[in-house]
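Below is one structure, written out as structure tokens; the observations come after it.
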Amino acid sequence: MKKHYLLTPGPTPVPPEVALKEALPILHHRTSEFGAVFSEVAEGLKYVYKTKNDVLIMAASGTGAMESAIVNLLNPGDEALVATCGNFGERWTKLLEAYGCKPTVISVEWGKAVNPADIEKALKANAKIKAVYTQFTETSTGVVNDISAIGRIVDKTPAAFVVDAISGLAGQEFLTDDWKVDVCVSGSQKGLMLGPGLAFVSVSAKAWKLAEEAKLPRFYWDWRKMKKSLATKETPFTPAVTLIVALSEAIKMIKAKGIENVWAENKLHAKAARAGMKAIGLELFGENPCDVVTSAKVPEGVDGGKIVKTLREEYGVSIAGGQAQLKGKIIRFAHMGYIGKADLLVGFACLEMVLSKLGYKLEKGKAVAAAEEVLLNG
Ligand SMILES: *Cc1c(COP(=O)(O)O)cnc(C)c1O
């Protein structure tokens, strides 16, 4: 018997109140009963997104919603700008290429944030760019991009601004409308405290204009169909009924707490996580650390993969390692959604034990003490 602690940047733990909703009998989706829940969720998402735009709900992982933000905005051969600083940024490029579009890629070293001035330059140099794609929190590195600054730049051009906030939404301050984000993509399994399986996009008037004219092939991902169904409190195809019912509970919890308080709490948890890492001599990875996940370099002489594996196998604690070029080189500790202060302390206590066991010299209790100090006194 092992108790599981899920401290990964997606999926994240599901609160029991939300999980219980997933166990209720399935509602039929063409009924007023389901319609009431569905429209409540669609409205609730606007609160989380800080937007007046429609938020469309689809049965998919986050990547499905990313794909929808290609096929609904562009024509074959269209030019787009990708500003990437990690593994998820590269996904935009791959998606664009898969559909025969032409991405101009601004790629910064993993661990750094995208420079808004580079985006301004690229847009000035090429008037044909129809959409700009980037990440809010780049989960693979733990870096947050300055979406507000980029939004101000893109807003002055005809291009649509598309942001992947799959891990950042409901995690740290994100203001869709104030930051001039035309399309914001998100998913259920990170800050929203749900199991995987739902994806969301908010769509601005500027983006709707492109969506009306886009010529890439689309069927399941067609936003126009989703918008039409939204008006009758439905989805074009069978929705993930259980997840939508559960989401209404998760949004209730977020509203009861206040989204601003969720952001503030995660900010404090992030500070505590950084203090904990540093206290045992681990070097933080990257600049501009976000509030939803903390990355630290694997110390010299320790096997990064073994840290993650031992934590999971011996203590039931799941954290994430590095992806792609960062495989084995960093560890990532999430603090978003239903991950709370006590989880953080458990995570650090077990991390200290595992690092000791793997031969890394540290003074036991130091990471926990440093995190406690921040959690107590800010
Ligand atoms: C998790 C994540 C994704 C991928 O989402 P899936 O639900 O696995 O498709 C994309 N972008 C970011 C920033 C993420 O954190």
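In each ligand, atom 1 is the first atom listed, and ligand 1 is the first ligand listed. Remember, it's a predicted structure, so these values are computed and weren't measured experimentally. No hydrogens, no waters, no symmetry mates; every other heavy atom, side chains included, goes into these values.
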Show me which atoms of ligand 1 lie under 4.0 Å from any heavy atom of S167. 15 (O)

among protein heavy atoms, the one nearest atom 4 (C) of ligand 1 is R91 NH1, 3.5 Å

Test of understanding: given a 4.0 Å heavy-atom threshold, classify the contact between T63 and ligand 1 as side chain, backbone, both, or neither. both

How about N377 and E373: does a side-chain donor come under 3.5 Å of a side-chain acceptor? yes

Is it true that Q189 lies under 4.0 Å from ligand 1, counting heavy atoms only? yes

Just jot down the ligand 1 atoms closer than 4.0 angstrom to any heavy atom of D164, in number order. 10 (C), 11 (N), 12 (C), 13 (C)

Ignoring hydrogens and angles, state whether a donor on the side chain of N87 or S140 is under 3.5 Å from an acceptor on the partner side chain. no

Within 45 degrees of the axis of the six-membered ring of F88 and under 6.0 Å from its centre: does K190 put its NZ or CZ there? yes

Taking atom NZ of K366 as the centre, report whether more than 12 heavy atoms of other residues, nucleotides or ligands fall under 6.0 Å from it. no

Under a 4.0 angstrom heavy-atom cut-off, which atoms of ligand 1 come close to K190? 1 (C), 2 (C), 3 (C), 14 (C), 15 (O)

Name the closest protein heavy atom to atom 15 (O) of ligand 1, giving the residue it belongs to and the distance to 0.1 Å. T139 OG1, 2.4 Å

Between E283 and K297, is there a side-chain N and carboxylate O pair less than 4.0 Å apart? yes

Could you say whether the N/O atoms of S61 and ligand 1 ever approach to under 3.5 Å? yes

Strictly under 4.0 Å, does any heavy atom of T137 approach an atom of ligand 1? yes

Is the cationic atom of K329 (NZ for Lys, CZ for Arg) positioned less than 6.0 Å from the six-membered ring centroid of F285 and within 45 degrees of its normal? no

Answer yes or no: does an N/O atom from G62 fall short of 3.5 Å to an N/O atom of ligand 1? yes

Using only heavy-atom distances, determine whether the side chains of T51 and T176 contain a donor-acceptor pair under 3.5 Å. no

Measure the distance from atom 3 (C) of ligand 1 to every protein heavy atom, then report the residue, atom name and distance (to 0.1 Å) of the closest one. F88 CE2, 3.3 Å

Any idea how F348 and F333 line up, ring-wise: parallel (<30°), tilted (30 to 60°), or perpendicular (>60°)? parallel

